[in-house]
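Order of the sequence lines fixes the chain letters, A, B, ..., with proteins taken first and strands second; residue numbering starts at 1 for each chain.
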Protein chains: 2
Amino acid sequence: METYCKFETALDILVGKWKPVILLRLFEHGTMRFSELQKAIPDITKKMLTQQLRELEYHDIVHREVYQQVPPKVEYSITEYGRGMHTVLKAMNDWGVSHIEHLNELYGENRLKEKGSR
Amino acid sequence: METYCKFETALDILVGKWKPVILLRLFEHGTMRFSELQKAIPDITKKMLTQQLRELEYHDIVHREVYQQVPPKVEYSITEYGRGMHTVLKAMNDWGVSHIEHLNELYGENRLKEKGSR
DNA sequence: CAGCATCCTATCGGATACTG
DNA sequence: CAGTATCCGATAGGATGCTG
(Lines give C-alpha, C1' and ligand atoms only; values in the text may rest on other atoms or scores of the structure.)
Protein backbone atom coordinates (compact mmCIF):
# COMPACT_ATOMS: atom_id res chain seq x y z
CA MET A 1 0.00 0.00 0.00
CA GLU A 2 1.81 3.06 -1.21
CA THR A 3 -0.83 5.60 -0.32
CA TYR A 4 -1.27 7.83 2.76
CA CYS A 5 1.99 9.58 2.29
CA LYS A 6 0.45 12.95 1.75
CA PHE A 7 -2.53 13.12 4.01
CA GLU A 8 -0.15 14.94 6.29
CA THR A 9 -0.18 17.72 3.73
CA ALA A 10 -3.92 18.14 4.02
CA LEU A 11 -3.51 18.09 7.77
CA ASP A 12 -0.96 20.88 7.77
CA ILE A 13 -3.23 23.19 5.87
CA LEU A 14 -6.25 22.60 8.07
CA VAL A 15 -4.38 22.79 11.35
CA GLY A 16 -4.43 25.96 13.33
CA LYS A 17 -6.62 26.82 16.24
CA TRP A 18 -9.03 28.95 14.22
CA LYS A 19 -8.92 27.56 10.69
CA PRO A 20 -11.89 25.25 11.17
CA VAL A 21 -14.15 28.05 12.42
CA ILE A 22 -13.00 30.49 9.79
CA LEU A 23 -13.61 28.04 6.99
CA LEU A 24 -16.96 27.15 8.43
CA ARG A 25 -18.09 30.77 8.46
CA LEU A 26 -16.82 31.46 4.98
CA PHE A 27 -18.46 28.35 3.58
CA GLU A 28 -21.70 29.42 5.22
CA HIS A 29 -21.73 33.11 4.38
CA GLY A 30 -19.85 33.11 1.12
CA THR A 31 -18.13 36.48 1.40
CA MET A 32 -17.26 38.28 4.60
CA ARG A 33 -15.41 41.38 5.62
CA PHE A 34 -12.60 41.22 8.13
CA SER A 35 -14.79 42.82 10.77
CA GLU A 36 -17.66 40.47 10.06
CA LEU A 37 -15.39 37.53 10.66
CA GLN A 38 -14.29 39.10 13.91
CA LYS A 39 -17.87 39.45 15.05
CA ALA A 40 -18.72 35.94 13.97
CA ILE A 41 -15.76 34.58 15.92
CA PRO A 42 -15.82 36.63 19.13
CA ASP A 43 -12.79 35.17 20.87
CA ILE A 44 -10.33 35.52 18.04
CA THR A 45 -7.80 38.36 18.04
CA LYS A 46 -6.98 40.44 14.99
CA LYS A 47 -3.54 38.96 14.92
CA MET A 48 -4.77 35.40 14.82
CA LEU A 49 -7.49 36.16 12.31
CA THR A 50 -5.01 37.81 9.98
CA GLN A 51 -2.44 35.10 10.40
CA GLN A 52 -4.75 32.20 9.74
CA LEU A 53 -6.37 33.95 6.80
CA ARG A 54 -2.96 34.61 5.27
CA GLU A 55 -2.05 30.96 5.51
CA LEU A 56 -5.30 29.92 3.90
CA GLU A 57 -4.76 32.57 1.25
CA TYR A 58 -1.29 31.24 0.49
CA HIS A 59 -2.75 27.82 -0.07
CA ASP A 60 -5.38 29.28 -2.38
CA ILE A 61 -8.23 28.18 -0.17
CA VAL A 62 -9.33 31.69 0.64
CA HIS A 63 -9.43 34.76 -1.58
CA ARG A 64 -8.59 38.21 -0.28
CA GLU A 65 -10.16 41.17 -2.06
CA VAL A 66 -8.92 44.61 -1.09
CA TYR A 67 -11.03 47.66 -1.88
CA GLN A 68 -8.83 50.73 -2.18
CA GLN A 69 -10.83 53.20 -0.19
CA VAL A 70 -10.97 54.99 3.12
CA PRO A 71 -11.89 53.49 5.46
CA PRO A 72 -10.40 50.26 4.15
CA LYS A 73 -12.56 47.34 3.19
CA VAL A 74 -11.31 43.82 2.71
CA GLU A 75 -13.45 40.87 1.83
CA TYR A 76 -12.64 37.21 2.20
CA SER A 77 -14.21 34.27 0.43
CA ILE A 78 -13.58 30.65 -0.45
CA THR A 79 -11.83 30.29 -3.79
CA GLU A 80 -13.08 28.12 -6.59
CA TYR A 81 -10.22 25.80 -5.81
CA GLY A 82 -11.01 25.93 -2.12
CA ARG A 83 -14.46 24.52 -2.78
CA GLY A 84 -12.70 21.36 -3.89
CA MET A 85 -11.97 20.77 -0.22
CA HIS A 86 -15.65 20.30 0.35
CA THR A 87 -15.42 16.54 -0.05
CA VAL A 88 -12.56 16.25 2.40
CA LEU A 89 -14.17 18.53 4.94
CA LYS A 90 -17.41 16.60 4.70
CA ALA A 91 -15.64 13.28 5.10
CA MET A 92 -13.82 14.55 8.15
CA ASN A 93 -16.94 16.12 9.60
CA ASP A 94 -19.01 12.98 9.19
CA TRP A 95 -16.32 10.88 10.77
CA GLY A 96 -15.97 13.41 13.57
CA VAL A 97 -19.67 13.29 14.35
CA SER A 98 -19.78 9.52 14.52
CA HIS A 99 -16.56 9.40 16.45
CA ILE A 100 -17.98 11.53 19.23
CA GLU A 101 -20.76 9.00 19.61
CA HIS A 102 -18.25 6.21 19.58
CA LEU A 103 -16.25 7.82 22.37
CA ASN A 104 -19.42 8.28 24.37
CA GLU A 105 -20.15 4.59 24.06
CA LEU A 106 -16.63 3.78 25.19
CA TYR A 107 -16.22 6.19 28.05
CA GLY A 108 -19.67 7.62 28.73
CA GLU A 109 -20.92 11.11 28.07
CA ASN A 110 -19.14 14.32 28.97
CA ARG A 111 -15.74 12.73 29.02
CA LEU A 112 -14.32 14.13 25.81
CA LYS A 113 -11.51 16.61 26.27
CA GLU A 114 -10.70 15.06 29.63
CA LYS A 115 -8.16 12.47 28.66
CA GLY A 116 -5.67 11.76 25.97
CA SER A 117 -6.76 14.26 23.38
CA ARG A 118 -3.80 16.48 24.06
CA MET B 1 -25.65 24.67 6.09
CA GLU B 2 -25.38 23.13 9.53
CA THR B 3 -22.48 20.79 8.83
CA TYR B 4 -18.71 21.17 9.35
CA CYS B 5 -19.00 21.70 13.06
CA LYS B 6 -17.14 18.58 13.95
CA PHE B 7 -14.44 18.18 11.38
CA GLU B 8 -12.33 19.84 14.01
CA THR B 9 -12.78 16.69 16.05
CA ALA B 10 -11.27 14.55 13.33
CA LEU B 11 -8.48 17.07 13.06
CA ASP B 12 -7.64 16.88 16.75
CA ILE B 13 -7.22 13.16 16.65
CA LEU B 14 -4.95 13.13 13.62
CA VAL B 15 -2.81 16.05 14.71
CA GLY B 16 0.52 15.38 16.32
CA LYS B 17 3.90 15.40 14.70
CA TRP B 18 4.14 11.62 14.39
CA LYS B 19 0.57 10.38 14.15
CA PRO B 20 0.50 10.33 10.35
CA VAL B 21 3.66 8.21 10.09
CA ILE B 22 2.62 5.87 12.87
CA LEU B 23 -0.78 5.27 11.33
CA LEU B 24 0.80 4.77 7.94
CA ARG B 25 3.13 2.08 9.26
CA LEU B 26 0.41 0.30 11.17
CA PHE B 27 -1.93 0.34 8.21
CA GLU B 28 0.85 -1.12 6.09
CA HIS B 29 2.22 -3.76 8.42
CA GLY B 30 -0.88 -4.65 10.39
CA THR B 31 0.71 -5.46 13.73
CA MET B 32 3.98 -4.10 15.02
CA ARG B 33 5.96 -4.22 18.21
CA PHE B 34 7.10 -1.08 19.96
CA SER B 35 10.66 -1.65 18.84
CA GLU B 36 9.60 -2.31 15.26
CA LEU B 37 7.83 1.00 15.16
CA GLN B 38 10.95 2.64 16.50
CA LYS B 39 13.05 1.13 13.76
CA ALA B 40 10.50 2.02 11.11
CA ILE B 41 10.47 5.63 12.29
CA PRO B 42 14.13 6.31 13.04
CA ASP B 43 13.86 9.90 14.26
CA ILE B 44 11.13 9.38 16.81
CA THR B 45 11.98 9.15 20.50
CA LYS B 46 10.47 6.61 22.85
CA LYS B 47 8.66 9.34 24.66
CA MET B 48 6.97 10.65 21.54
CA LEU B 49 6.17 7.18 20.25
CA THR B 50 4.56 6.22 23.54
CA GLN B 51 2.70 9.48 23.83
CA GLN B 52 1.22 9.45 20.36
CA LEU B 53 0.32 5.78 20.61
CA ARG B 54 -1.48 6.40 23.90
CA GLU B 55 -3.55 9.15 22.34
CA LEU B 56 -4.48 6.98 19.41
CA GLU B 57 -5.28 4.18 21.83
CA TYR B 58 -7.56 6.40 23.85
CA HIS B 59 -9.48 7.22 20.71
CA ASP B 60 -9.77 3.53 19.90
CA ILE B 61 -7.85 3.90 16.65
CA VAL B 62 -4.98 1.74 17.82
CA HIS B 63 -5.03 -1.40 19.92
CA ARG B 64 -2.33 -2.14 22.50
CA GLU B 65 -1.69 -5.77 23.32
CA VAL B 66 0.63 -6.48 26.26
CA TYR B 67 2.27 -9.89 26.60
CA GLN B 68 3.10 -10.58 30.22
CA GLN B 69 6.59 -11.95 29.87
CA VAL B 70 10.23 -11.09 30.35
CA PRO B 71 11.50 -9.34 28.39
CA PRO B 72 8.29 -7.44 27.78
CA LYS B 73 6.52 -7.54 24.46
CA VAL B 74 3.87 -5.10 23.33
CA GLU B 75 2.14 -5.12 20.00
CA TYR B 76 0.22 -2.35 18.34
CA SER B 77 -2.36 -2.59 15.60
CA ILE B 78 -5.20 -0.66 14.03
CA THR B 79 -8.52 -1.49 15.65
CA GLU B 80 -11.55 -2.62 13.75
CA TYR B 81 -13.03 0.77 14.49
CA GLY B 82 -9.84 2.46 13.39
CA ARG B 83 -10.16 0.97 9.96
CA GLY B 84 -13.25 3.10 9.58
CA MET B 85 -10.91 6.05 9.26
CA HIS B 86 -9.68 4.62 6.01
CA THR B 87 -12.14 6.66 3.98
CA VAL B 88 -11.17 9.88 5.68
CA LEU B 89 -7.45 9.20 5.40
CA LYS B 90 -7.81 8.37 1.74
CA ALA B 91 -9.84 11.50 1.06
CA MET B 92 -7.24 13.60 2.81
CA ASN B 93 -4.37 11.87 1.08
CA ASP B 94 -5.87 12.27 -2.38
CA TRP B 95 -6.57 15.91 -1.76
CA GLY B 96 -3.05 16.36 -0.39
CA VAL B 97 -1.48 14.86 -3.47
CA SER B 98 -3.43 17.06 -5.85
CA HIS B 99 -2.89 20.08 -3.68
CA ILE B 100 0.87 19.77 -3.94
CA GLU B 101 0.52 19.91 -7.70
CA HIS B 102 -1.76 22.88 -7.39
CA LEU B 103 0.77 24.76 -5.29
CA ASN B 104 3.47 23.96 -7.80
CA GLU B 105 1.35 25.49 -10.53
CA LEU B 106 0.81 28.58 -8.42
CA TYR B 107 4.28 29.18 -7.10
CA GLY B 108 6.54 26.86 -9.06
CA GLU B 109 8.31 23.76 -7.85
CA ASN B 110 10.36 23.47 -4.69
CA ARG B 111 8.55 26.27 -2.98
CA LEU B 112 6.44 24.31 -0.56
CA LYS B 113 7.38 24.73 3.07
CA GLU B 114 8.90 28.11 2.29
CA LYS B 115 5.99 30.40 2.85
CA GLY B 116 2.81 30.53 4.81
CA SER B 117 2.55 26.92 5.75
CA ARG B 118 3.50 27.60 9.33
C1' DC C 1 -11.36 49.47 9.21
C1' DA C 2 -7.91 46.30 8.80
C1' DG C 3 -4.07 45.55 9.79
C1' DC C 4 1.29 45.17 11.85
C1' DA C 5 4.81 45.11 15.70
C1' DT C 6 6.11 43.82 20.15
C1' DC C 7 6.07 41.26 24.04
C1' DC C 8 4.71 37.37 26.76
C1' DT C 9 3.20 32.62 28.09
C1' DA C 10 1.54 28.07 27.47
C1' DT C 11 2.02 23.98 25.11
C1' DC C 12 4.47 20.81 22.15
C1' DG C 13 8.16 18.19 21.15
C1' DG C 14 13.20 16.67 21.91
C1' DA C 15 17.37 15.00 24.82
C1' DT C 16 18.80 12.37 28.36
C1' DA C 17 18.78 9.30 32.24
C1' DC C 18 16.58 5.79 34.94
C1' DT C 19 13.51 1.28 35.70
C1' DG C 20 10.43 -3.19 36.05
C1' DC D 1 12.10 -4.50 25.79
C1' DA D 2 9.10 -1.01 26.64
C1' DG D 3 8.53 2.16 28.81
C1' DT D 4 8.56 6.59 32.76
C1' DA D 5 10.58 10.92 34.69
C1' DT D 6 12.81 15.23 34.28
C1' DC D 7 14.53 19.03 32.16
C1' DC D 8 14.75 22.27 28.27
C1' DG D 9 14.28 24.69 23.94
C1' DA D 10 11.18 25.85 20.02
C1' DT D 11 6.95 27.52 18.55
C1' DA D 12 1.98 28.36 18.52
C1' DG D 13 -1.03 31.40 20.23
C1' DG D 14 -2.67 35.57 23.15
C1' DA D 15 -2.58 40.65 25.02
C1' DT D 16 -1.78 45.11 23.99
C1' DG D 17 -0.62 49.26 21.51
C1' DC D 18 0.31 51.79 17.21
C1' DT D 19 -0.86 53.14 12.20
C1' DG D 20 -2.33 54.27 7.11
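- Spacing between atom CG of B:Leu49 and atom C1' of C:dG14 amounts to 14 Å, rounded to whole angstrom units.
- Residue-environment remark: CD (A:Glu80) stays at or below the threshold of 12 foreign heavy atoms within 6.0 Å.
- Taking 4.0 angstrom as the limit, B:Arg54 places none of its side-chain polar atoms (N or O) nearer than this to OP1 or OP2 of D:dA2.
- For the pair A:Arg64 CZ and C:dC1 P, the interatomic distance rounds to 16 Å; values are reported in whole Å.
- Between C:dG20, C:dA2, D:dG3, one nucleotide has an atom nearer to the side chain of A:Val74 than all others, and that is C:dA2.
- As a whole-Å value, the separation of B:Gln38 CD from C:dA15 C1' is 14 Å.
- Dashed line: the shortest gap from a side-chain N or O of B:Tyr76 to OP1 or OP2 of D:dC1 is not under 4.0 Å.
- Aromatic ring orientation, A:His86 versus A:Phe27: perpendicular (interplanar angle above 60°, classes split at 30° and 60°).
- Look at CD1 on B:Ile44: it is 10 Å from P on C:dG13, rounded to the nearest Å.
- If you take CE of B:Met48 and C1' of D:dA2, they are 16 Å apart, rounded to a whole angstrom.
- Of the side-chain N and O atoms in A:Lys17, none sit less than 4.0 angstrom from OP1 or OP2 of C:dT11.
- Of the candidate nucleotides C:dG20, C:dG14, C:dC4, C:dG20 has the atom nearest to the side chain of B:Pro72.
- Rounding to whole angstrom units, CG of residue B:Asp43 and P of C:dT16 are separated by 14 Å.
- Nearest nucleotide to the side chain of B:Lys47, out of D:dG14, C:dA15, D:dA2: C:dA15.
- Ring pair A:His102/B:Tyr81 is parallel by interplanar angle, where below 30° counts as parallel and above 60° as perpendicular.
- In terms of phosphate contacts, B:Arg33 brings no side-chain nitrogen or oxygen within less than 4.0 Å of OP1 or OP2 of D:dG3.
- Remark on DNA chain C: of its neighbouring residues B:Lys46 and A:Lys73, the 5'-side contact belongs to A:Lys73, judged by nearest-heavy-atom nucleotide.
- In this structure, CD1 in A:Ile22 is found 10.0 Å from CD1 in A:Ile78, a value given to the nearest 0.5 Å.
- Dashed line: the shortest gap from a side-chain N or O of B:Ser35 to OP1 or OP2 of D:dA2 is under 4.0 Å.
- Taking the six-membered ring where tryptophan is involved, the planes of B:Tyr58 and A:Tyr107 are essentially parallel, since the angle between them stays under 30° and well short of 60°.
- Across the protein-nucleic acid pair, B:Gln68 atom CD and D:dA2 atom P stand 13 Å apart, rounded to whole Å.
- Here D:dC1 is the nucleotide among D:dC1, C:dA2, C:dG14 with the atom lying nearest to any side-chain atom of B:Pro71.
- Taking 4.0 angstrom as the limit, A:Gln52 places a side-chain polar atom (N or O) nearer than this to OP1 or OP2 of D:dG13.
- At the phosphate of C:dC12, neither OP1 nor OP2 sits under 4.0 Å from any side-chain N or O atom of B:Trp18.
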